[in-house]
Amino acid sequence: MQMSEADSELRYDLPDARGHFGEYGGVFVAETLIRALDELNAGYARYRRDPEFVAELDDELVHYVGRPSPVYHARRWSEMLGGAQIWLKREDLNHTGAHKINNCMGQALLAKRLQKPRVIAETGAGQHGVATATVAARFGMECVVYMGSEDIERQAQNVYRMKLLGASVVPVESGSKTLKDALNEAMRDWVTNVDSTFYIIGTVAGPHPYPMMVRDFQSVIGRECLTQMPRDAGRDPDQVIACVGGGSNAMGIFHPYLDRPGVALVGVEAAGEGIASGRHAASLTAGRPGVLHGNRTYLLQDGNGQIMPTHSVSAGLDYPGVGPEHAYLKDSGRASYVSVTDDEALAAFHVLCRIEGIIPALESSHALAYAAKVAPTLARDRILLVCLSGRGDKDMHTVATRGKLDLAPAARKR
Amino acid sequence: MTERIERRLAALKAQGRTALVPYVTAGDPSLATTVPLIHALVDAGADIVELGVPFSDPMADGPVIQRAAERALAQHVGLRDVIDVAREFRKRDDGTPLVLMGYLNPIEAMGTRAFVDAARAAGIDGLIVVDCPPEEMDALEPMLREAGIAPIFLIAPTTPEARIAAIAKLARGFVYYVSLKGVTGAAHLDVGDVRTHLATIRRHLSVPVGVGFGIRDAQSAQAIAAHADAVVIGARLVHEIETGPPAQAVERAAKWLGGIRRALDAVRKDAA
């Protein structure tokens, strides 16, 4: 979990002791949870650099998760686009099919040390729920996953996977019946069962220390790239591109590059049916700062401060907030944030299937779609590193129901 | 004003009585009903009224108060509407303290300064921000203090003693002891546990202590009243509002609260 040892004057050491990234982050929870968060904070501080903990985590990441994940040069796709070279960080090859397990493994090992026999999680697309159910099975813990009833419908396969792994999946019927409501419900469970229960938050949001801790566990993605890119591609990338819902895969790949100013960092939000339509999930692009789910960050909210319903074809990006560190990186200018529509993401999804033989998750397809836009504008010796955060098996149903629209004209012509 | 809360609680204490503090969500069942509802609750024996500000993501609330917020939000009830309710209530009642209870985001969306000024002008006396612990109150707390609005803090069974002492330094009006681990409206209330915690809290606090979460009938109200300065009842009262035709919600709520009032007054305490 060490910081990059880059030869830079910029020393990035956020968050502060109370979990603030500039004006963002913090601890905005009901009093009942304060002690649990203090305990978690103390526990994490104790173990994050503990050699035994680090060694056990590394061992699990190698032998159970299947790390390191490779970087892959998408040669045919780069050629087709006719510009910059696109490299993919293959988080889709991890056990359970996405980056989510990196964090779940870290938090499960911590839960074990803090003697919490029960873990709970919220999930949107179901990837974090599956990863949590997986590590709970691996360590013999009771597991309860909260999932919006609308998401349960769109992600039936992942619900079945969680149940196979022995988890209880609790449908959440309140509010918009999606990820944000699942998070509310998980918080309510945690408030009630705080003594026995470890809440495994799946993204870089929530009260401190979650945004920092999840980032640290996900930073294995970027740390591997720091050595893989010079070795395999000859140098650092010019741009690192990742999709942003809550933003955990993006923070994981960005963080080790923060003190390398030559590497541009680009987060790609879900523009849904277009920002102007109002049906999107692009909180950094179109939101305002506010307080939700334990932290201050950019939120999609109305004039009364009520959280607005969101839309994205990808359930994993369908969230009205974003991790507070992304809010900070946006304001500071160190990272930039763009957005990509459902249709653009689906087009990129199909192209990657046909040109590279890789079925990407719809979440990751947003990052791919942005790479496809920017690559042709750059010289052939430029390098884009895209975080392919997960595989698309879970999205078959969504893609198939949209199948009448053939969204891959570019691929067809070749 | 903080003083309105202090005066009311001191008077009750002098009489050896326990304050009855009902909670209702503004805009439930409708905005037009809320002012008559609060007056009716006062007539039925409420000493302080907690007025809930509806929020789309009420993390600390159980299903009953969530539904109340959803009913209010379906009518687009916002924080400014809630302040209007308070102003309207004050026209006829200058003595009963009003405490707003809600989450931070609607306050920040309105603008903290604008909110505090409007709340003071409307005659609001105290504020509970469920998801804003004292550590994050740097901006809000001094503004409230200056405006004479009491910042009312929650203390939970999990709050360590050192933290209670820190909260005591900022607390005005009263503190709100959350009598169980869980969300509003949860079931299992352990009176012995409450008594032990209140003893600890009183070692550090000079302001009165209200107890809420999990009080659902005359019996539990009486049991808590033996130890607390104020009894807060929310979810069970909101349940009364939502069960039955909305047109009779005010009557139902007032009738139910009147029963609790009589039960509380049957508890004899030594006057201070």
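Letters A, B, ... are given to chains in the order of the sequence lines, protein chains preceding strands, and every chain is numbered from 1.
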## Note on the structure
Okay, A/H20 and chain B: the region with an atom under 4.5 Å from a heavy atom over there is side chain
#### Entry: Contacting region of B/V178 [heavy-atom separation from chain A under 4.5 Å]
side chain
### Task
Could you have a look at A/R35, A/R18, A/E185, A/R188 and say which one has the most heavy-atom pairs with chain B under 4.5 angstrom?
A/R188
### B/R80 versus chain A, the contacting section by heavy-atom distance below 4.5 Å
neither
### Query
Are the charged groups of B/E136 and A/R296 less than 4.0 angstrom apart, N to O?
no
### Query
Between B/I107 and chain A, which part of the residue has a heavy atom less than 4.5 Å away: side chain, backbone, both or neither?
neither
### Message
Tell me whether A/K177 at atom NZ has more than 12 heavy atoms from other residues, nucleotides or ligands lying less than 6.0 Å away.
### Response
no
### Query
Contact part of A/L299 toward chain B, heavy-atom cut-off under 4.5 Å: side chain, backbone, both or neither?
side chain
### Task
Kindly say whether A/N184 contributes a backbone atom to a donor-acceptor pair with the side chain of A/E122 at under 3.5 angstrom?
no
#### Entry: CD/A/E173: more than 12 non-hydrogen atoms of other groups inside 6.0 Å
yes
### Query
Where on A/I307 is there a heavy atom nearer than 4.5 Å to chain B: the side chain, the backbone, both, or neither?
both
### Message
Is B/L104 in contact with chain A via its backbone, its side chain, both, or neither, using a 4.5 Å heavy-atom distance?
### Response
side chain
### Query
Heavy-atom distance under 4.5 Å to chain B: side chain of A/D195, backbone, both or neither?
side chain
### Task
Indicate yes or no: at least one non-hydrogen side-chain atom of B/P58 is less than 4.5 angstrom from one of B/I65.
no
### Query
Pick from B/M59, B/Q66, B/E108: which one has the most heavy-atom pairs with chain A under 4.5 Å?
B/M59
### Message
Looking only at the aromatic ring of each residue, does the gap between the centers of A/F21 and A/Y328 stay below 6.0 angstrom?
### Response
no
### Query
With side chains defined as the heavy atoms from C-beta onward, is the minimum distance between B/P134 and B/E141 less than 4.5 Å?
no
### Query
Hey, is the main chain of A/D302 close enough, under 3.5 Å, to the side chain of A/R288 for a donor-acceptor pair?
yes
### Summary
Cut-off 4.5 Å, heavy atoms of chain B, and the answer for A/Q301 is side chain
